[in-house]
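See structure below.
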Amino acid sequence: MVDCVFCKIAADKIPAKVVYRSDGVIAIEDLNPQAPTHLLVMPVEHFDSLFQLVCDQRADTVVQQLFEVASQLGQKHGSGGYRLVVNTGHEGGQTVGHLHIHVLAGRAMSWPPG
Ligand code: 5GP
Ligand code: ZN
């Protein structure tokens, strides 16, 4: 297994509050929430980033699964909308090198993001 915190969570090696799980996708509560609802939707399989996924032949399926789950969770938890964020790479603000979509909901979002 890659030495990766989200791989370990997906494999139940370290604990997390899991809100959704299928064969290919897992969604957890963020440890440091930035909104009343702050979830992380990720593939069970390790991809370093969104860019690594889109370079993979299976990208279409995985992207569809991820965004479907993320949108459903946003719809469920947001009363008037929600925000999906995919930080990619160092300058994009990515701190965990396992692809994940942030689902933020439960408050009004401002723009631009920091
Ligand atoms: P990034 O900065 O890569 O876009 O997002 C990483 C997110 O993962 C951050 O919001 C951070 O709070 C969250 N995070 C980091 N480590 C853990 C962990 O061990 N458990 C959970 N549930 N969230 C984590
Ligand atoms: Zn991983």
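One-based numbering, in listed order, for ligands and for the atoms of each.
- Protein heavy atom at the shortest distance from atom 1 (P) of ligand 1 is His100 NE2, 3.2 Å.
- Excluding waters, the protein N/O/S atoms found under 2.8 Å from the Zn ion (ligand 2) are Cys4 SG, Cys7 SG, His46 ND1, His98 ND1.
- From the protein, the heavy atom lying nearest to atom 20 (N) of ligand 1 is Ile9 CD1, 3.7 Å.
- Residue Phe51 shares its hydrophobic cluster (ILVMFWY side chains chained together at separations under 4.5 Å) with Val19, Tyr20, Val25, Leu39, Val41, Phe47, Leu50, Leu53, Val54, Val62, Val63, Leu66, Phe67, Val69, Leu73, Tyr82, Leu84, Val86, Leu99, Ile101, Val103.
- Between His100 and Ile28, the closest side-chain pair of non-hydrogen atoms is not below 4.5 Å.
- At the top of the distance list for atom 19 (O) of ligand 1, counting protein heavy atoms only, stands Val5 CG2, 3.5 Å.
- For Ile28, no nitrogen or oxygen atom sits less than 3.5 Å from a nitrogen or oxygen atom of ligand 1, counting backbone and side chain alike.
- Other residues, nucleotides and ligands contribute more than 12 heavy atoms inside 6.0 Å of the CD atom of Gln52.
- The nearest protein atom to atom 2 (O) of ligand 1, hydrogens excluded, is given as Thr95 OG1, 2.6 Å; this is a heavy-atom distance.
- Scanning all protein heavy atoms for the shortest distance to atom 15 (C) of ligand 1 gives Val96 CG2, 3.9 Å.
- Every N/O-N/O distance between His38 and ligand 1 stays at or above 3.5 Å.
- The shortest N or O to N or O distance between Gly93 and ligand 1 is below 3.5 Å.
- Asp30 is linked by a side chain to side chain contact (heavy atoms under 4.5 Å, CB included) to Asn32, His38, Leu40, His102, counting only residues two or more places apart in sequence or in another chain.
- When the options Leu31, Leu104, Asn32, Val86 are ranked by their closest heavy atom to atom 17 (C) of ligand 1, first place goes to Leu31.
- Residue Lys17 places every heavy atom at 4.0 Å or more from ligand 1.
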Result block: side-chain N/O donor-acceptor pairs under 3.5 angstrom for residues 104-114, not counting sequence neighbours:
residue	atom	partner	partner atom	Å
Arg107	NE	Gln34	O	3.1
Arg107	NH2	Gln34	O	2.8

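- Nearest to atom 22 (N) of ligand 1 among the protein's heavy atoms is Glu29 O, 2.9 Å.
- Shortest non-hydrogen contact noted between Gly24 and Gln65 is CA-OE1, 4.5 Å.
- Of the possible donor and acceptor atoms, one in the side chain of Gln94 sits under 3.5 Å from a partner among the backbone N and O of Asp48.
- When the heavy atoms of Asn87, Thr88, Leu99, Asp30 are ranked by distance to atom 7 (C) of ligand 1, first place goes to Asp30.
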